[in-house]
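Data block below; observations after.
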Amino acid sequence: TLAGSVITLGEAVRVMVAGAGLEPAAAIRMATHTPASSAGLAHRCGLLAPGRAADLVVLDPELHVRATVVDGQLVYGQRDEEEVFPLCSA
């Protein structure tokens, strides 16, 4: 279990992908939807869906946090869209 560990959630996702061989989507689901469900919050967070909180974490290809968006506001990361979202830039 990761409960009580000093590892960050981002590190835990990377360990599950690199160390345990999980697909990134499965490791991210373990870090988002699974805890939301366990806490009884799956009706409002843990998935991107209509009516749910749309807080986002933008990850780079190595699964490091590049940006965090809370309530539609960039709260962590570069303000320059090309720096935060290089894969989305034309």
Next on the checklist: Checking side chain to side chain contact (heavy atoms under 4.5 Å, CB included) between Asp55 and each of Val75, Thr68, Val70, which is the one that passes?
Outcome noted: Val70

Hey, can you pull the donor-acceptor pairs under 3.5 Å for the side chains in residues 56-64, sequence neighbours left out?
unit_1: Asp60; atom_1: OD1; unit_2: Glu62; atom_2: N; d: 2.9
unit_1: Asp60; atom_1: OD1; unit_2: Leu63; atom_2: N; d: 3.0
unit_1: Asp60; atom_1: OD1; unit_2: His64; atom_2: N; d: 2.9

Checklist entry - Considering all heavy atoms of both residues, which atom of Pro24 and which atom of Val17 are nearest to each other, and what is their separation? => result CA-CG2, 3.7 Å

Checklist entry - Which residue pairs pass the side-chain hydrogen bond (donor to acceptor under 3.5 Å, both in side chains) test with at least one member in residues 15-32, sequence neighbours excluded? => result none

Checklist entry - Taking all atoms of both residues into account, what is the closest heavy-atom pair of Ala67 and Leu74, and its distance? => result CB-CD1, 3.7 Å

Checklist entry - Quick one: side-chain hydrogen bond (donor to acceptor under 3.5 Å, both in side chains) partners of Ser37, sequence neighbours excluded? => result His33

Checklist entry - Do you reckon Val13 sits in the same ILVMFWY cluster as Tyr76, going by side-chain contacts under 4.5 Å, direct or chained? => result yes

